[in-house]
Amino acid sequence: EKNLDMLFYNIEMPLIFVLAHIELNGVSIDIERLNQIRQLYTSDLDRLITSIYSKVGHEFNINSTKQVAEVLFDELGLTVIKKTKTGRSTDMSVLEQLKDEHPVISDLIDYRMLEKLLSTYVNALPQLISPITHKIHSHFNQAITVTGRLSSTAPNLQNIPIRTLKGKDIRSVFVPSSNNHIILAADYSQIELRLMAHLAQDKAMIEAFNAGKDIHSHTASLVFNCPVEDVSKEQRYQAKAVNFGILYGMSASSLAKQINVSRQDASNMIDDYFNRFPDIKHFINQTIEQAKKDGFVKTEFGRIRPLQNINTSSWSIRQFEERAAVNTRLQGTAADIMKIAMISIQQKLRVLNTESKMIIQVHDELVFDVLKKEQDDIKQLVVSEMEQVVDYLVPLKVDVQMGNNWLDLNL
């Protein structure tokens, strides 16, 4: 009735077997390295606790939201940013906004990040190692996220915060199953931007991708009206923020905060962007209009995401649903593409009877435990299968790295 049979029989059902293989294959963990990280993080945490107490002038329970709120707002007189049903919020978004008001805030942010890494990964991983296989067997969930992306639990591999050095460290404990194996990671390069160029049929962006240009430098040259070779590091960083911000419907004020410019400058940058890439503006508007008419949005493979509140009178809820409509068409389509790639790679690995195995999937990345003498063949197979899933106006591009753990991929 809803034309979901192709999605169900060609993608979701065959994927069950692929995920079963990944879960059974499991991932090896370097316990020695994990213990080193635990010692390092624990001593860093102790140092942060001492620093927080000295900056505040007394001890208190750092893990108590109520006590943190009393210290920040009653004792130090900092600005109350947000209130919830339980009182004044001290969540990470609030702390980020208070960063410049008192030196204790950056310590609190670091403390929370470290504490989370310790409890979620460093202290939890040893408990998850199977006594039979001596590996970790994460659970991959097919039908939990609204966009169709996979999620994982015990441990949650999708949420390792790789934007921070300490978060990245966690990846270094995931290692090959033996000395004659290596880790191979294959990552779709800028897949959502490529999909946006294709779906919007934006000539300027399609040409840039097909010519193999660095899309962020190219965007910067257009937005800042200068030759590519004159684009500064800062301009490229700002253009990158705009490129990805547009994907997720970022407002001018959010962009301004992220790249540290005035709201007016951020607004001008977004306007300049849409002037240079008019078809992208049209694609976004068209997607939102269609979602308002239908009450749902579809990926290119027919996956449906209901958007019951897209016509609500509440501005903030409506804005969220509009962003979700655009995001689902891009992220949801990327998720379906990844699933199809996983199915075809697993089939090839089975036919070739390789010792190399698929062991992790995180968003746009696939990770393999590869027998060293098979590495060239596996690399070629993985790139070929991932890049040939669809024949779009912009080719998909896969970056491959290899190494002795999931972090140090430099072989």
Side-chain angles (χ1 to χ4, degrees), residues 33-125 155-156 158-173 233-234 237-238 240-241 244-245 248 250-266 316 320 407:
R33 172 75 184 133
L34 195 60
N35 289 334
Q36 286 171 358
I37 290 174
R38 182 183 296 108
Q39 287 168 7
L40 189 70
Y41 286 10
T42 306
S43 67
D44 281 353
L45 209 60
D46 291 341
R47 181 183 52 75
L48 281 167
I49 292 167
T50 306
S51 175
I52 289 166
Y53 290 163
S54 79
K55 283 171 184 170
V56 168
H58 63 85
E59 293 186 9
F60 64 100
N61 182 356
I62 303 170
N63 296 322
S64 160
T65 307
K66 187 172 178 287
Q67 288 188 35
V68 171
E70 285 166 3
V71 167
L72 299 185
F73 308 122
D74 298 334
E75 293 179 30
L76 301 177
L78 305 187
T79 313
V80 175
I81 307 280
K82 188 165 79 178
K83 286 186 178 179
T84 64
K85 286 174 186 169
T86 53
R88 297 163 295 183
S89 174
T90 62
D91 67 18
M92 283 298 253
S93 67
V94 167
L95 293 182
E96 286 291 344
Q97 289 179 68
L98 292 172
K99 236 177 183 175
D100 299 329
E101 288 199 25
H102 198 280
V104 78
I105 300 294
S106 57
D107 281 352
L108 280 170
I109 290 170
D110 290 346
Y111 172 87
R112 287 209 187 150
M113 184 200 73
L114 254 185
E115 222 268 327
K116 189 177 178 188
L117 286 175
L118 269 167
S119 59
T120 312
Y121 298 104
V122 182
N123 295 331
L125 286 175
N156 181 347
Q158 257 81 359
N159 266 16
I160 300 172
I162 54 165
R163 284 192 179 87
T164 62
L165 285 172
K166 282 192 161 59
K168 277 183 177 175
D169 274 348
I170 304 294
R171 283 197 166 195
S172 69
V173 306
K233 224 173 161 181
E234 181 62 19
Y237 166 73
Q238 291 183 348
K240 184 177 180 179
F244 287 112
Y248 304 116
M250 189 185 276
S251 66
S253 51
S254 299
L255 179 65
K257 264 183 221 150
Q258 188 178 327
I259 61 176
N260 203 17
V261 297
S262 72
R263 195 195 171 285
Q264 189 55 54
D265 284 348
S316 59
F320 174 82
L407 176 66

Worksheet item: Hey, is Arg47 close enough to Asp110 for a salt bridge, meaning N to O under 4.0 Å?
Response: no
Fill in: Nearest atoms (heavy-atom pairs only) where Ala124 meets Ser119
CB-O, 3.5 Å
Discussion item. Are Val104 and Val71 packed together at the side-chain level, in the sense that at least one heavy-atom pair is separated by less than 4.5 angstrom?
Written reply: no
Worksheet entry | Check against side-chain contact (heavy atoms from CB on, under 4.5 Å), His58 and Glu75 | CA-CA 11 Å; His58 63 85; Glu75 293 179 30; 2.7 Å; yes
Worksheet item: Is a side-chain donor or acceptor of Tyr121 paired with a backbone partner of Asn156 at a separation under 3.5 angstrom?
Response: yes
Worksheet item: If you round to the nearest 0.5 Å, how far is CG of Leu45 from CZ of Arg38?
Response: 13.0 Å
Worksheet item: Does Glu101 use its side chain to pair, donor to acceptor, with the backbone of Thr79 at less than 3.5 Å?
Response: yes
Worksheet item: Quick one: are Ile170 and Tyr41 in side-chain contact, heavy atoms under 4.5 Å?
Response: yes
Worksheet item: So among Leu117, Asp107, Thr90, Asn63, which one has a side-chain contact (heavy atoms from CB on, under 4.5 Å) with Arg112?
Response: Thr90
Practice prompt. First locate atom CG of Leu76, then atom CD1 of Ile105, and finally report the distance between them rounded to the nearest 0.5 Å.
Written response: 7.5 Å
Worksheet item: Which distance, rounded to the nearest 0.5 Å, do you find between the OH of Tyr111 and the CG of Asp44?
Response: 13.0 Å
Discussion item. Side chains of Ile81 and Glu96, heavy atoms from C-beta outward: is any pair under 4.5 Å?
Written reply: no
Worksheet item: Can you check whether Leu48 reaches Ile62 side chain to side chain, under 4.5 Å on heavy atoms?
Response: no
Practice prompt. For residues Ala252 and Ala266, report the shortest heavy-atom separation together with the two atoms involved.
Written response: O-CB, 3.3 Å
Response to the item:
For Thr84 and Ser89, the nearest pair of non-hydrogen atoms, with its separation, is CG2-CB, 4.1 Å
Item to complete: Report the C-alpha distance between Leu125 and Val173 in whole Å, list the side-chain angles of each, state the deciding distance to 0.1 Å, and finish with yes or no for side-chain contact (heavy atoms from CB on, under 4.5 Å).
Response: CA-CA 10 Å; Leu125 286 175; Val173 306; 4.0 Å; yes
Worksheet item: Closest heavy-atom contact between Thr42 and Leu118?
Response: OG1-CD2, 4.2 Å
Worksheet item: For the residue pair Ser254 and Ser251, what are the closest heavy atoms and their distance?
Response: OG-OG, 3.0 Å
Fill in: Min side-chain heavy-atom separation Gln258-Met250 under 4.5 Å
yes
Worksheet item: Is it the case that more than 12 heavy atoms not belonging to Tyr53 sit under 6.0 Å from its OH atom?
Response: yes
Discussion item. Quick check: closest heavy atoms across Phe73 and Leu98, and the distance to 0.1 Å?
Written reply: CE2-CD1, 4.1 Å
Discussion item. Less than 4.5 Å apart, side chain to side chain, heavy atoms only: is that true for Asp169 and Leu165?
Written reply: no
Discussion item. Please report the interatomic distance CE(Met92) to CE(Met113), rounded to the nearest 0.5 Å.
Written reply: 7.5 Å
Worksheet item: Yes or no on side-chain contact (heavy atoms from CB on, under 4.5 Å) for Leu72 and Arg88, after CA distance, side-chain angles and deciding distance?
Response: CA-CA 10 Å; Leu72 299 185; Arg88 297 163 295 183; over 6 Å; no
Item to complete: State which residues pass salt bridge (charged side-chain N to carboxylate O under 4.0 Å, His left out) with Lys168; sequence neighbours excluded, sorted by chain then number.
Response: none
Worksheet entry | Min side-chain heavy-atom separation Ile37-Leu40 under 4.5 Å | no
Fill in: Pair Thr65-Val68, side-chain contact (heavy atoms from CB on, under 4.5 Å): steps then yes or no
CA-CA 5 Å; Thr65 307; Val68 171; 5.8 Å; no
Practice prompt. Report the distance from atom CG of Asp265 to atom CD of Gln238, rounding to the nearest 0.5 Å.
Written response: 8.5 Å
Response to the item:
Here the gap from Asp74 atom CG to Gln67 atom CD, rounded to the nearest 0.5 Å, amounts to 12.0 Å
Worksheet item: Under a 4.5 Å cut-off applied to non-hydrogen side-chain atoms, are Pro161 and Lys116 in contact?
Response: no
